[in-house]
Structure formats: C-alpha cells, structure tokens
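This report refers to the structure that appears directly beneath it.
Counting convention: from 1, in listed order, for ligands and their atoms alike.
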Amino acid sequence: MTVVLRQEPLLSDSSETLDPQNWDEIRAQGHRMLDDMIDYAANIRDRPVWSPIPDEVRARFHDQLPLKPCDLGEVYREFADSILPYATGNVHPGFMGWVHGGGTAVGMLAEMLAAGLNANLGGRDHIPIEVERQIVEWTRAMFGFPKGASGIFVTGTSMANLMAVLVARTAALGQPVRQRGLGNEGARLTAYTSTAAHGCIAKAMDFAGFGSDALRCIETDRHHRIDVTALRGRIAQDRNAGLKPFLVVGSAGTVDIGAIDDLDALSALCREEKLWFHVDGAYGALGILSPVLAPRLAGLENANSIAFDFHKWGQVPYDAGFLMVRDGQQHRDTFSAPAAYLRRETRGLAAGSSWPCDLGPDLSRGFRALKTWFTLKTYGTEKLGAIITRTCALAGYLEARILAEPRLELLAPVQLNIVCFRYRADDPNKVNGDIVIDIQESGIAAPSTTVLGGQLAIRAAIVNHRTDVCDIDALISAVLEFGAQRSGSGDSLVLDVERSPPLAM
Ligand SMILES: Cc1ncc(COP(=O)(O)O)c(C=O)c1O
C-alpha cells in the first residue's frame, strides 16, 4: 500500500520551520530576556526568598493544550508574571533549606550556549563529548583516582547512587547478572550504610532488585558517623548466616547534619572484607576543594565509586550530578549494550568510542558538562573551595549565635555547613514546625526541617555562595520573633523584610 502524505507539489517554504520569520525581533526579545535574568540575579536581595503561590496564579497552569501559536513576547510576559516570582528561591542568599546550590550568572549563560548547540551527549564524535571527558579527567585528579577511572554526568546524586549500586552488583555477580537477573546468589547479597544515610540509598537497593531490606542501616556514633565496630559486627553476623555482603556506602556529608563518616576506616574495612566501597558525597565530596575540609575526607581517594553533585556546593545550575568509578571497565561492564543502530566506527561521526551511553542508562543526554566547564574555568577550584570554606564559617557563626541565645537550643554538633536548632517552647515540635513555615511565608529566609531523635529541628544548610552574615542575622531575628508569637510570649510581629546590607566576614 502506498501512503500519500501530500498531494500538492512540495514547495520550499521557510514559514514551515520553527525558525523566526524575523531574526531581528527574536534577537531583541532574547536580549530583553537576558537583561531581565541578569537583573534578577543582581537584585535578588530585593525579592522575598520565596512567595506563597496565589490560587489564581496556580490556576494559570491548568490551561488547555495550546493548538495555535502565540507571540513569544506574550509567552515571556506570562513567565515574568507567573513563573519567575514563584520559583523555589534558591538563587536568594536567604535560602537555607534542604541542600540547594545558588547557581551563578556564568552557569546561566553557559546553559544558554548549550541549548543553542543542542548537542546530544549520548555518544558520537564531537567536542561537547571531549568537554565532558575533560571534566571526568579534572574530577579524577581532584579525587586522586587512578588513570582508567570513568565518570559521567547524571541528573543528581540519587541517580548516581543507583548507578553505583548497579556497578557494585555487576562486580559482585559478574556480567551474566545483566541477562539472568539476581537469581539465588543475588538474593543473598547485603549492603551496609548508616542510619544517617540519605533515603535514596534504600531506594537504589529497591530499584536494583535487592529490596531495601537487604540494606543494613548501622547505628551512628555521637558525631552521627557510622559506627565502624558495629558495621564490622553486622558483616560477620550476616556472613555467618550464609549471606553475602557486597557493598558499603559511606556518607561524606550526611543530609541531616553534615557528618562525614570515617572514610579511611571504611576503606580499610572494605579492602579487608573485599566489599565495594561507595561514597555518597552529594554535597560533601566537593569539600575536597577546601584546604580546611580536604583532610577530613581522607579515604575518599580509596573509594570504588563516588556520587556527588556539581549543582550543590559546586554552584553549577541544576542539574549536574556526577558518578565517578575507580575502574572504568567495571563501569562499562554494567551499562554498555551494543546495538546495530549505535555501531562504532574508527572515522566519521560514529567514531570516538567509548561513548557516555556505555556508562549509564541514558542514550539522549544534554550538555551538562558545558556549564560545569564554564564554572570551573571561570572561577577556578581555589575560589570554589574558598566559597565552600566560607559557608562552613557562616554555619559556625550561626552556631555561635544560637549558643549565645538562651531562647534557642542547638540540636546537633555543627560539623560542616548545616545547623540544626530549635526555639525553646512547651510544645517544641509544633512551635518549631510553625516557625519554619512562618519564616518561609514571610520571604525573609527559607530554612527547612528535619527530625533528630524525635525532635523537630529548624535546619539551615548554608550552600549558596551569596549567603552572608546579614542573612544569618535575619534568620535568627525571624526565629526569635515568630517563636515568641507562636509560643504566646511575644508582641505582634513587626518584621522588616528588608535586610541590612551584606557584611564581609
Ligand atoms: C547526602 C545526600 N545524598 C543524596 C542526595 C540526593 O541528591 P540529589 O537531590 O541530587 O538527587 C542528597 C540531597 O540533598 C544528599 O544530601
């Protein structure tokens, strides 16, 4: 059967493409957008950190699928009115919730260039892939990994941790696991991490087919680091029960309070027990750039794999997660899958194997490497390391202010850039939960919460390079004022959203 797609003669018609009819108009519109976004970053302190979303604004995003074209200027106006003012707020120096990087204008410009090139970094022979390989090489040097190590950009550390579990699985069971599945032997594999590890490790065990019960969460010491003696005991107990320990996941910066496991002790234990040693260094691994923090990461250089994000302490705009594997062959053995339509050549566009698609589940991949390359080259690792050191100094300043204030209570030792504390009150979990929401809704700052030993904590993670002493002071004032109101001991709130000018430390 012949399918006739079009009966009239096919004429050349530039209006059939998606390119603009008038390039000057889009250039002018583009310059306006660029100016606005540079102003946004430059004047970010004039804005609230976060704004509650009015119902009518949310309703604008329940619209019908657009069938007809709309003028770009009009669409941009919608962005400016309804999207930009209601973003997460992590560009703002007052954002201290979860673990969010601040991004930079340099990273933003690089993203624009990457989108212009529209490169697909799954594979093939083009310089964008060399840029990614350059970052792999820089990262290898940064962590002291040997030649032959491999690395790949992914969405974030959750994905990088999952991929590391898969590499460890293949290393333990051999490549046939990829065809036959885990089988009886796989069902006996057990992995180990601490109770303070991020939840994505248990998810990774679930997604990899082991089930999260195969992950043993070992208790922590008083510094919130994995108890290595207890870990050793649990490994022995599992071996005695006929199970097959295969993986230990250490944390370089726990999500709740920023504890760094004793990576040296973990690497020695893993060597002795012949276990895969993976480090979840989501934000903490880049502490290697800070001369102050680097000694505390000793042992990281012995890991079999490291997961971390350039979009956290590295300040690269979202997303820019990364997985580094010590033995590149083991990495490729886990993910490479030949296909006729991905045939490799020694010349032409299909040359340059191996390709990034041999190192992960994704085939189509964006050019995350470019914004990272621009960030590393423009600032240099010394400056980025100094920013990391400074965020920890700011956390120390916040700790000192809490210790000097009788109405506040520190809930965990401050070890890195995360501070957990609370306002003293009769019903502290309720009052402190309300305080955090009040502060977020006020636009003054954006801390988040966590629960430590049943106690709800106000949690401030200082990640953003723009955060300054005045932002810490604004957080403290807001906690005290909202706390007084929530616990019924304060006058009506008179909070000034305007901040004092930034101070140098
Ligand atoms: C220690 C730790 N591991 C893993 C993750 C998950 O990283 P991502 O959000 O990039 O997936 C985080 C996120 O904050 C984290 O702090």
Quiz prompt | Shortest non-hydrogen contact between H311 and G156, atoms and distance | solution = CE1-CA, 3.9 Å
Self-check item: ligand 1 contacted by G321 (non-hydrogen, < 4.0 Å)
Solution: no
When you measure from [atom] to every protein heavy atom, which one gives the shortest distance, and what is it?
atom: atom 8 (P) of ligand 1; result: K312 NZ, 3.4 Å
atom: atom 10 (O) of ligand 1; result: D309 OD2, 2.6 Å
atom: atom 6 (C) of ligand 1; result: S158 OG, 3.5 Å
atom: atom 3 (N) of ligand 1; result: D280 OD2, 2.7 Å
atom: atom 2 (C) of ligand 1; result: A282 CB, 3.3 Å
atom: atom 1 (C) of ligand 1; result: G253 O, 3.4 Å
atom: atom 12 (C) of ligand 1; result: H198 CD2, 3.3 Å

Quiz item: Do R296 and D262 meet the salt-bridge criterion of a basic N to acidic O distance under 4.0 Å?
Solution: no
Quiz item: Can a salt bridge be assigned to the pair E132 and R368 using a cut-off of 4.0 Å between side-chain N and carboxylate O?
Solution: no
Quiz item: Would you find more than 12 non-hydrogen atoms of other residues, nucleotides or ligands less than 6.0 Å from D213 atom CG?
Solution: no
Quiz item: Around Q237, counting heavy atoms of other residues, nucleotides and ligands shown, do more than 12 lie under 6.0 Å from its CD?
Solution: yes
Self-check item: Contact partition for V99 relative to ligand 1, non-hydrogen atoms under 4.0 Å
Solution: side chain
Quiz prompt | Side chain, backbone, both or neither: the part of S251 lying under 4.0 Å from ligand 1 by heavy atom | solution = neither
Self-check item: Contact atoms of ligand 1, heavy-atom distance to H311 under 4.0 Å
Solution: 10 (O)
Practice problem: Any atoms of ligand 1 less than 4.0 Å from a non-hydrogen atom of G156? List them with their elements. | Solution: 10 (O), 11 (O)
Quiz item: Mind checking whether F61 and Y86 have ring centres under 6.0 Å apart?
Solution: no
Quiz prompt | F153 and F310 aromatic centres sub-6.0 Å | solution = yes
